[in-house]
Structures are given as C-alpha cells and as structure tokens.
There are 2 protein chains.
Amino acid sequence: MPVTIRDVARQAGVSVKTVSRVINGDGPVREATRQRVQAVIEALHYRPNAVARSLVTRRTMALGLLIADVINPFFPEVVRGVEDAAKVAGYTVLLGNTDEDPVQEERYLALMQERQVDGLVLSGSRAEEEVLRQAADSGFWMALINRAVHHPRILSILVDNADATAQATSYLIQKGHRRIAYLLGPSRAEAARLRFEGYRRALREHGIPFRPAYVVQEIPRIEGGRKAMRTLLALPSPPTAVVAYNDLMAIGAIEAVQEAGGRVPDDVAVIGFDDILLAAYTIPPLTTVRVPKYEMGYKAAAALIDTIKIGRTSPRVVRFKGKIVVRGSA
Amino acid sequence: MPVTIRDVARQAGVSVKTVSRVINGDGPVREATRQRVQAVIEALHYRPNAVARSLVTRRTMALGLLIADVINPFFPEVVRGVEDAAKVAGYTVLLGNTDEDPVQEERYLALMQERQVDGLVLSGSRAEEEVLRQAADSGFWMALINRAVHHPRILSILVDNADATAQATSYLIQKGHRRIAYLLGPSRAEAARLRFEGYRRALREHGIPFRPAYVVQEIPRIEGGRKAMRTLLALPSPPTAVVAYNDLMAIGAIEAVQEAGGRVPDDVAVIGFDDILLAAYTIPPLTTVRVPKYEMGYKAAAALIDTIKIGRTSPRVVRFKGKIVVRGSA
DNA sequence: TTGTAAGCGTTATCAC
DNA sequence: GTGATAACGCTTACAA
C-alpha cells in the first residue's frame with residue numbers, strides 16, 4: 001500500500017490540509033508544525049501522487065511532443081530542446097512518433113488530449129489543418145515547429161525556409177552555376193513548399209529560367225535523394241548543381257553522383273538543408289543551411305509554457321534564421 | 001468547461017456507469033443503448049479523462065524512459081524501440097535525459113514515481129545501484145538496458161559486451177596486430193567494464209601481454225576519442241590498432257590519426273562499438289560491432305509491460321548478440 | 001441489463 | 001494557523 005497524505009497527517013497529528021500546505025509551501029503553517037510534518041514525510045518516504053493532484057488542479061504539468069521520427073537525425077536536437085525547456089519549468093514530456101502520417105498524428109493528438117497534457121509541441125506535423133484547429137478550438141494549446149497555422153491558441157516556430165533556400169541557390173548561381181536542380185520534399189510539408197519557393201525566387205531574381213525537369217520529388221531520405229539524382233543524371237542536359245530539400249536527400253544525391261562516376265562538387269555541386277550531424281562527415285562534407293534545431297525546440301516549449309501561463313499566445317510567431325555552412329560539396 | 005461522463009450520461013438518459021461500460025466495452029450493454037450512448041459521445045466530442053481514470057485504476061498506462069541524451073546517436077533507436085513497443089500495448093512514454101549524471105537520474109526517478117508511471121526503462125543508467133534497488137523495493141518495475149541489477153522487480157536487457165569486444169580484438173589479432181590499444185569508456189558504466197574485460201580476455205587468449213599504457217580512458221565522445229588517440233600516438237611505441245569503447249570515440253581516434261598524418265587502417269586500424277548511423281559515413285567507414293539498439297529498446301519495453309501485467313519478471317535477463325560489421329577502418 | 005453509492009489521493013472552500 | 005468537507009472525473013462493488 002502506498003503511503004498517502006492521510007497517513008502523513010495521521011502520523012503527524014495534523015489535518016491533511018496542513019500536510020498539503022507543507023508540501024506545496026503555500027498557506028501559512030507554524031514553523032514547528034512544518035518541521036514535524038516534514039519529518040514524518042521523510043520517515044514515511046511519502047511522495048505526493050501527481051495523478052490525484054492533476055485531477056483537482058486540472059493541470060498535469062506535462063507537455064506532449066509529437067515528432068515524425070526520433071531516428072531521423074533532424075529530430076533528436078528538437079526533442080532535447082523541448083525537454084530542456086520543459087524541465088526548467090517543471091514540466092514532463094510525453095513523446096510520440098508520427099512517421100509523417102496524418103492518421104497516426106491525429107490518433108496521438110486525441111491520446112494527448114485524453115492524457116490531459118497542458119500543451120502540445122508538434123514537429124514534422126502533417127495533420128490536416130482542420131484537425132489542428134479543432135483541437136485548438138477545444139481549448140488545447142499548441143506550438144508548431146516549421147508549420148504555420150493562424151489560430152489564437154497556436155504558436156508557430158519557424159525558420160526562414162524560403163529566404164535561406166534562396167540564399168543557398170544564389171550562392172550556387174554566384175559560383176557560376178546555371179543548370180541548378182531542386183530535390184523537392186513531401187508536398188504535405190509546408191517547409192517543402194516554402195523552400196521550393198525560395199529556389200524559384202532566386203532563379204527568377206537572377207534571370208535564370210525555371211525548368212520543370214530540374215525538379216524531382218522524392219521521399220526526404222537518403223534513398224529518395226539517390227533516386228532523384230539518378231533521374232536528373234539521366235537527363236539529356238543534367239544539372240551542374242543541386243539544391244536539396246534536406247541533408248538526407250543531399251547525401252543521397254552525392255552518393256548517386258559518385259556512383260555514376262562523377263565528382264562532387266566538380267561535376268555536380270550539392271547543397272543541403274538542416275545541418276544534421278552526419279553532414280559534417282560525408283565525403284565531401286556537405287555544404288548546407290544550418291537550422292537551429294535545438295533552439296527551435298527549446299523556444300517552442302518555453303513559449304508554449306509561457307502561453308499556457310498567461311492564457312494567450314504572445315507573440316504568435318517566432319522566426320529563426322537559417323545560415324549557410326560552406327563545407328566541401330558546393 | 002470540458003464535457004464529462006456525467007454530461008454524456010444525462011444527455012443519453014442513462015447512468016454514468018452505463019456510459020463507462022460503453023467506453024470500456026466491458027459489462028453487458030443492450031445494443032440499442034450502446035448506440036445511443038455512442039451517438040451522444042460523438043455529438044459532444046466527449047473524451048474520457050485519463051487522469052481521473054488512472055486515479056481509480058491505479059494504472060497510468062505510461063512508461064518512463066530515461067536515457068543519457070537523445071542527441072547521442074546511440075539513443076534515438078532505443079527510444080524508437082521503446083516507443084513502438086509501448087504504443088502497441090497502449091502505453092505512453094514519458095521521456096527524460098539524464099546526461100549520465102546520477103543526480104539528474106535520481107531526480108527523474110523520483111519524478112517518475114510521483115507521476116505514477118507503471119514502469120521505467122533506463123538506458124545509459126548511472127545511478128547508484130542502491131537507489132535503483134530502493135525504487136524497486138518500493139514497488140517500481142524497471143527495465144535496464146545495458147546494465148545488470150539483480151532484483152525481482154528489475155529486468156536487464158544486455159548485449160554480450162565482453163564477448164563482442166573479445167571478438168573484435170581477436171579479429172585485429174588475426175589480421176596480424178600485436179600492439180593493440182583500448183579506448184576505455186566511463187568507469188561508472190557497466191558496459192565499459194565488460195567491454196574492457198573482453199579486450200583483455202582476447203589478449204590473454206592469444207598470449208599477448210597486456211600493456212597498461214595502451215589503455216586510455218576518456219569521455220565517450222568524438223573529442224574524447226581524439227584526445228585519447230593523441231596520447232597513444234605520443235607513445236614511444238604507439239599501437240598499430242585500437243579498439244574503442246564506442247563508435248564516437250573510434251571516430252575521434254580516426255580523426256586524430258589522420259591529423260597526425262597517419263592513414264587508417266594502414267598505420268592504425270580502428271574498430272568501434274554500437275554501429276551508429278554515422279559509422280557508415282566516416283572516412284574510411286568504420287568497422288564496428290553492431291548493437292541491436294532498436295531491438296533492445298523494443299524488447300525492454302515489451303518485456304517490462306509483460307512483467308507489469310503478470311506481476312513478476314520472467315525472464316529476468318534478456319541477452320542480445322553483437323555482430324562485427326567489417327567496413328574500412330580495420 | 002442498468003443504476004446507486006463509495007472512493008481513488010489530492011487541493012479548494014470556508015469555517016473556526 | 002488549522003481543520004472538516006466537498007469536489008475533481010472516473011471505475012468498482014453491490015443492488016435492483
């Protein structure tokens with residue numbers, strides 16, 4: 001039988017309310033009483049039951065965290081950022097992997113609501129906007145990383161996807177490239193759309209015509225990048241440079257070029273996005289856009305917690321800047 | 001105001017118990033009643049409050065998961081394994097990073113108990129054995145990954161650290177190496193002791209004298225490996241091969257050799273442990289011992305859940321085999 | 001097949 | 001300063 005607040009009260013010869021006061025350090029308690037209660041708490045190894053507390057306070061001091069997949073090297077840093085911010089504020093994190101599957105994400109969303117988490121951080125979210133809106137309407141606080149949804153209970157933590165990709169593309173153009181391809185990510189992802197937009201904008205600004213054949217969409221993994229690059233290489237006039245939706249695809253692209261007997265960056269320059277750990281270790285090391293993943297996770301959780309505390313989102317959107325990291329692939 | 005089981009009952013013109021029966025699909029309910037209740041549940045968007053349920057059932061259907069650090073490439077796969085097994089069984093995962101710090105780990109342990117998780121999975125655990133024992137004594141179920149503690153409520157999920165390292169060392173010996181160094185991990189880690197033991201055993205079995213100067217202890221990161229290797233390289237008679245506690249140290253060692261103008265594996269052969277994603281992408285790609293991280297995480301959670309269900313650990317220890325993956329570094 | 005009442009372990013209300 | 005007592009939203013006897 002676990003020891004309860006009642007046991008402590010009885011043992012200390014006080015009421016439960018007094019014990020509660022001692023635990024939470026709120027209401028007034030005579031010092032002598034406090035010490036006596038404290039002693040009993042330690043003697044009995046009493047631990048307050050957070051479940052019972054949550055039932056009455058209506059707060060679980062827990063945050064849900066839904067990510068696409070921890071094994072995907074983009075997410076661990078986000079997770080760590082969220083966890084650190086949560087810890088600082090006394091919150092616990094409930095983790096779920098959604099595999100970029102709207103159905104799984106929605107299922108988890110419902111689960112998190114049942115579990116009464118005080119707020120939810122979503123990274124790699126692919127659920128229908130309507131579903132997110134509905135959850136928010138029902139009183140749920142959310143922070144979206146790399147996705148924007150305009151709603152008074154939804155916070156968005158963004159990186160300047162379009163600008164950063166435009167910069168990366170311009171960088172290639174300045175290096176003399178004209179035949180620049182784009183490896184497109186999943187169309188459900190807002191980030192994918194925005195990055196692609198940045199690519200097109202840079203082309204436009206430099207007066208380089210957009211060629212649909214230079215855009216290949218694939219799954220945002222190494223295999224996807226490899227496959228996409230093979231397609232591009234088979235073109236009558238293959239590109240001399242490639243901008244990828246993310247590092248994983250970029251790495252796959254490098255592999256495909258090398259498999260085909262080409263050299264990177266001499267034959268084909270490759271530039272990625274995210275700056276995952278692996279990026280520094282490929283051959284050649286990947287030139288990419290660094291996304292402040294940890295910081296974004298931290299900020300998402302910290303801002304969400306603030307939001308919950310004050311009862312409104314302010315600010316509604318936080319923007320981070322991506323930064324080109326020039327290494328060997330472009 | 002959130003809608004409760006009472007609201008549903010009132011609206012459907014039945015008792016709360018009947019609604020409860022419909023939700024949980026237990027007791028007998030007339031089909032017509034069931035449908036009526038179900039309709040009201042949907043109309044009202046009713047979601048049972050898991051906190052209230054947990055308070056009375058005394059089960060949270062939640063597992064705690066304490067790891068050293070999600071950013072350390074060893075852990076994401078473990079996390080994913082745990083999460084997948086938990087999901088299958090209807091459990092939720094509460095995540096915590098302990099940074100291999102006993103103090104933080106113990107703090108989390110207490111927190112998880114307050115939160116009433118049904119069981120706890122620990123990977124990269126560094127808490128005092130006494131602390132774990134005490135938690136177990138107080139009725140807490142635990143699964144330890146890569147650490148053995150003999151206790152009726154503690155499950156251990158192990159990889160054959162000693163054997164696998166002995167194999168790796170023997171592999172080097174068979175390749176003709178005689179001056180083989182060892183990069184030792186954190187002495188608090190049981191895995192570190194066991195792997196080191198395997199190294200010594202292999203040496204002994206092949207009649208190669210053990211040289212203390214060939215053992216360097218460092219933090220189990222890339223920097224640690226680099227530092228340790230530099231020390232070894234400065235020896236009057238430096239080793240021609242190195243076995244590392246983990247891949248991160250091995251990667252650092254490779255870097256140190258190359259920095260010093262040496263070639264891997266020609267001048268110094270390097271062999272790691274774990275087989276993290278990065279291992280396949282270093283130059284040269286790392287020869288290492290593959291540890292079934294995902295499987296160990298999955299098994300830990302699955303076995304823990306079984307254990308909770310039947311009320312006893314059976315079996316008490318699960319052993320996995322490491323397997324040498326020969327790539328380019330040895 | 002359905003309902004009533006008690007109680008899970010806390011905190012909140014309001015009196016003393 | 002301190003203590004009864006009523007919630008919180010649900011499940012579990014036990015009745016009906």
Side-chain angles (χ1 to χ4, degrees), chain A residues 1-38 40-41 44-62 90 92 111 113-118 138-139, chain B residues 1-38 40-41 44-62 90 110-111 113-118 138-139:
Chain A
M1 273 293 101
V3 14
T4 75
I5 196 171
R6 247 190 208 89
D7 302 321
V8 176
R10 195 175 316 124
Q11 193 77 214
V14 298
S15 75
V16 291
K17 180 57 202 168
T18 300
V19 178
S20 173
R21 285 196 185 98
V22 171
I23 297 164
N24 300 297
D26 48 2
V29 178
R30 185 174 316 185
E31 182 56 20
T33 316
R34 208 192 58 71
Q35 292 197 0
R36 186 153 37 94
V37 170
Q38 197 61 53
V40 175
I41 286 176
L44 263 45
H45 292 107
Y46 167 70
R47 293 204 166 293
N49 180 329
V51 170
R53 175 182 292 159
S54 292
L55 184 58
V56 40
T57 60
R58 293 150 171 289
R59 285 180 315 146
T60 50
M61 296 301 282
T92 299
L111 183 69
Q113 292 185 264
E114 286 191 11
R115 303 257 166 174
Q116 312 293 123
V117 299
D118 296 337
S138 79
Chain B
M1 272 292 98
V3 16
T4 75
I5 196 171
R6 246 187 210 91
D7 302 323
V8 176
R10 196 175 317 123
Q11 191 77 216
V14 297
S15 73
V16 292
K17 179 56 200 167
T18 301
V19 178
S20 173
R21 284 195 186 100
V22 171
I23 297 163
N24 299 297
D26 48 0
V29 179
R30 185 175 317 190
E31 182 55 21
T33 316
R34 207 192 58 70
Q35 292 198 358
R36 184 152 39 96
V37 171
Q38 196 62 51
V40 174
I41 286 177
L44 265 44
H45 293 109
Y46 168 69
R47 293 206 169 292
N49 181 327
V51 170
R53 176 184 290 159
S54 292
L55 183 58
V56 38
T57 60
R58 293 147 170 292
R59 284 177 317 147
T60 51
M61 297 301 282
L111 182 68
Q113 292 186 262
E114 286 192 9
R115 304 254 165 176
Q116 313 292 124
V117 299
D118 296 336
S138 77

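Naming convention: chains lettered A, B, ... in sequence-line order (proteins, then strands); numbering from 1 in each chain.
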Rounding to the nearest 10°, end axes of the helix from dT1(C)-dA16(D) to dC16(C)-dG1(D) built from five pairs each make an angle of 40°
Sequence neighbours excluded, the answer for side chain to side chain contact (heavy atoms under 4.5 Å, CB included) partners of V16(B) is I5(B), R6(B), A9(B)
Would you mind classifying the nucleic acid contact of S54(A) as base, sugar-phosphate or nothing, using non-hydrogen atoms under 4.0 angstrom? nothing
Quick note, salt bridge (Lys or Arg N to Asp or Glu O under 4.0 Å) partners involving residues 8-24 of chain A, not counting sequence neighbours, are D7(A)-R10(A)
Contacts satisfying salt bridge (Lys or Arg N to Asp or Glu O under 4.0 Å) that involve residues 47-60 of chain A (not counting sequence neighbours) are none
With sequence neighbours left out, the residues meeting side chain to side chain contact (heavy atoms under 4.5 Å, CB included) with Q38(B) are V22(B), R34(B), I41(B), E42(B)
Hits for side-chain hydrogen bond (donor to acceptor under 3.5 Å, both in side chains) against S54(B), two or more places apart or cross-chain, chain-then-number order -> none
Of all heavy-atom pairs linking P48(A) and I23(A), the shortest is CG-CG2, 4.2 Å
For nucleotides 8-16 of chain D, 5' to 3', base contacts (B), sugar-phosphate-only contacts (S) and non-contacts (-) with protein non-hydrogen atoms under 4.0 Å give BBBSB----
CD of Q113(B) to NE2 of H45(A), rounded to nearest 0.5 Å, is 10.5 Å
Note: chain B reaches DNA chain C at heavy-atom distances under 4.0 Å over the stretch, first to last nt, 5' to 3', of dT1(C) to dG9(C)
The side-chain hydrogen bond (donor to acceptor under 3.5 Å, both in side chains) partners of Q116(A) (sequence neighbours excluded) come to none
Contacts of R115(B) meeting side-chain hydrogen bond (donor to acceptor under 3.5 Å, both in side chains) (sequence neighbours excluded), chain-then-number -> T92(A)
T57(A) meets the side-chain hydrogen bond (donor to acceptor under 3.5 Å, both in side chains) criterion, sequence neighbours left out, with none
